[in-house]
Amino acid sequence: MIKAIKGTKDILPDSIGKWKHVENLISLIFKNYNYKEIRTPVFEETSLFARGIGEATDIVGKEMYTFEDRSKTSITLKPEMTASVVRAFIEHSLGKKQSLNKLYYISPMFRQERPQAGRLREFHQFGAEALGSSSPLLDVEMISMAYGILSGLGLKDLTIKINSLGTPESRKKYTQELRKYLNDKEHLLSGESKERISKNILRIFDSKIENDIEVMKGAPLLLDYLDNESKDDFEKVKSSLTSSKISFEIDTSLVRGLDYYTKTTFEIISGKVGAQSALCGGGRYDLLVEQLGGEPTPGTGFAAGIERILIACENENSFEVTEPSINLYIVCLEKTLMAKTYELAQSIRRNNISVEMDYIGRSIKAQMREANKFNAKFALFFGGEEYQSHKSQLKNMETGEQEIISLENIINKINV
RNA sequence: GUGGGCGUAGCUCAGUUGGUUAGAGCACCAGGUUGUGGUUCUGGGGGUCGUGGGUUCGAAACCCACCGCUCACCCCA
């Protein structure tokens, strides 16, 4: 039996209702904030991600779905969306058509990691990017939208964490200090953390090993080394969040694993999804556009994982979707009349009324059971006599009431 | 890439210290007299017990290998 590729999942009709519910809320919220939808190809030239996300990141280093196409071009299935959006932004000169571009997306992403709860190889993200302003208000807007969607789905067990990474200059100054601090403490660190000293020193803060945590408790904090502008912006983010009545935690160890972040970064965590608790992550990336060959343009954005959100919703029982129903089920009383039944169904469907019938030749009892299963509002009994007289029994499935009506009159009766 | 757990019907699972034709619930199909659902009753179909090898008179149960799923580490949505 051929099965879906490891780490990929079919979304079956049973769960489509939940997906639609989430997607509808996403587009509603983004519409309220005047974000426009953008769609980009599922694959891009590999170098876009290598340059955009950063060669040293895990995503680029070991998680990308990369292959050569027939013309030997290196292609990569998008592991995240920001690089693609920025590429499109540059390619179509969106910054020249409009000074501030507010964009959103819902799209599948691909990363070749070992699957686990809340982590798939093909997964779906929605997110937004605002290109053309360095205002911290937009950082707050990102958090507000993300939080608005998550809480709008009924999620309660949420924690918003924020941090500031500052400018590259201030970060450089800081990492030098951090290195100094760790100089004589290296032997206390775990092997992995030792490696990070040279590779990506900020990530030592992410370590969950007790000794590492102990050592890092006394470490200098990035927030103390921020340049004035970053510091100022971070203050504005905090006060604006507070006045928006969004509670948050400052997490100085919050280090986003993507190289392009500057200044404000944030994450929204759920306690209800297992180990992969980040539902959403984002931040400012003021240098990315330039880095990818565009005019210097500040940007900020976030991405959220739909599968993780659905797991959290499931575990919190945060919303219910109503079963879809159909307007009418036509019970075919004589198998020889199936074609006539179909014609009747068609004529009713043309009026935007949803109609189902039996195509298998089932018993009347079975057909009624079907009507019930599909939540049909009405059932119509159609046989030879009815075909001749153009009159049928129409049954209201909720009340059980039944009346004889002329077939020409069905549409009015059902619409009531 | 590393480690743990698990593979019996479409789904959720039973299956006693290895012992006859492998079970239940749900789902599915048919029926409970003349053309009518949800509750209920009766009956039915469906499994090379993940795959391959081994131990044994005898394996779904025990051993080994492989495959798959799952959870966790790393990192991230």
* Do the side chain of A:Arg362 and the base of B:rA30 come within less than 3.5 angstrom through a donor-acceptor pair of N or O atoms? -> no

* Asked: Under 4.0 angstrom, heavy atoms only, what part of the nucleic acid is A:Ala371 near: base, sugar-phosphate, or nothing?
  -> nothing

Within the sub-3.5 Å range, which N or O atoms of nucleotides 35-37 of chain B have a protein N or O partner, and how far apart are they?
{"from": "B:rG35", "atom 1": "O6", "to": "A:Glu385", "atom 2": "OE1", "distance (Å)": "3.1"}
{"from": "B:rG35", "atom 1": "N1", "to": "A:Glu386", "atom 2": "OE2", "distance (Å)": "2.7"}
{"from": "B:rG35", "atom 1": "N2", "to": "A:Glu386", "atom 2": "OE2", "distance (Å)": "3.2"}
{"from": "B:rU36", "atom 1": "O2", "to": "A:Lys395", "atom 2": "NZ", "distance (Å)": "3.1"}
{"from": "B:rU36", "atom 1": "O2", "to": "A:Gln402", "atom 2": "OE1", "distance (Å)": "3.4"}
{"from": "B:rU36", "atom 1": "N3", "to": "A:Gln402", "atom 2": "OE1", "distance (Å)": "3.2"}
{"from": "B:rU36", "atom 1": "N3", "to": "A:Gln402", "atom 2": "NE2", "distance (Å)": "2.9"}
{"from": "B:rU36", "atom 1": "O4", "to": "A:Gln402", "atom 2": "NE2", "distance (Å)": "2.8"}
{"from": "B:rG37", "atom 1": "N7", "to": "A:Lys395", "atom 2": "NZ", "distance (Å)": "3.1"}
{"from": "B:rG37", "atom 1": "N1", "to": "A:Met397", "atom 2": "O", "distance (Å)": "2.4"}
{"from": "B:rG37", "atom 1": "N2", "to": "A:Asn372", "atom 2": "OD1", "distance (Å)": "2.8"}
{"from": "B:rG37", "atom 1": "N2", "to": "A:Met397", "atom 2": "O", "distance (Å)": "2.9"}
{"from": "B:rG37", "atom 1": "N3", "to": "A:Asn372", "atom 2": "OD1", "distance (Å)": "3.1"}

* Who passes side chain to side chain donor-acceptor pair (under 3.5 Å) against A:Thr262, sequence neighbours left out? -> none

* Asked: When Watson-Crick pairs (N1 to N3 and N6-O4 or O6-N4) and G-U wobble pairs (N1-O2 and O6-N3) count only below 3.5 Å on both distances, what is the dot-bracket string of RNA chain B, with | for other-strand pairs?
  -> (((((((..((((.....[...)))).(((((.......))))).....(((((..]....))))))))))))....

* **Residues that A:Ser107 engages under side chain to side chain donor-acceptor pair (under 3.5 Å), provided they are two or more places apart** => A:Lys78

* Asked: A:Ala278 or A:Lys6: which one's nearest nucleotide on RNA chain B is closer to the 5' end?
  -> A:Lys6

* To do: Describe the nucleic acid contact of A:Ser363 in one word from base, sugar-phosphate, nothing, applying a heavy-atom distance below 4.0 Å.
  => sugar-phosphate

* Exercise: do A:Tyr285 and A:Gln291 side chains pair donor with acceptor under 3.5 Å -> no

* **Those residues that, when tested against A:Tyr104, pass ring-ring contact (aromatic ring centres under 6.0 Å, His included) (two or more places apart)** => A:Phe30

* Roughly how far apart, to the nearest Å, are B:rA14 and B:rG4 at atom C1'? -> 25 Å

* Give, ordered by number, those residues of residues 36-54 of chain A having at least one heavy-atom distance below 4.0 Å to an atom of RNA chain B; if nothing qualifies, reply none. => none

* Asked: Checking all strands, does A:Ala366 fall into the base, sugar-phosphate, or nothing category for heavy-atom contacts under 4.0 angstrom?
  -> sugar-phosphate

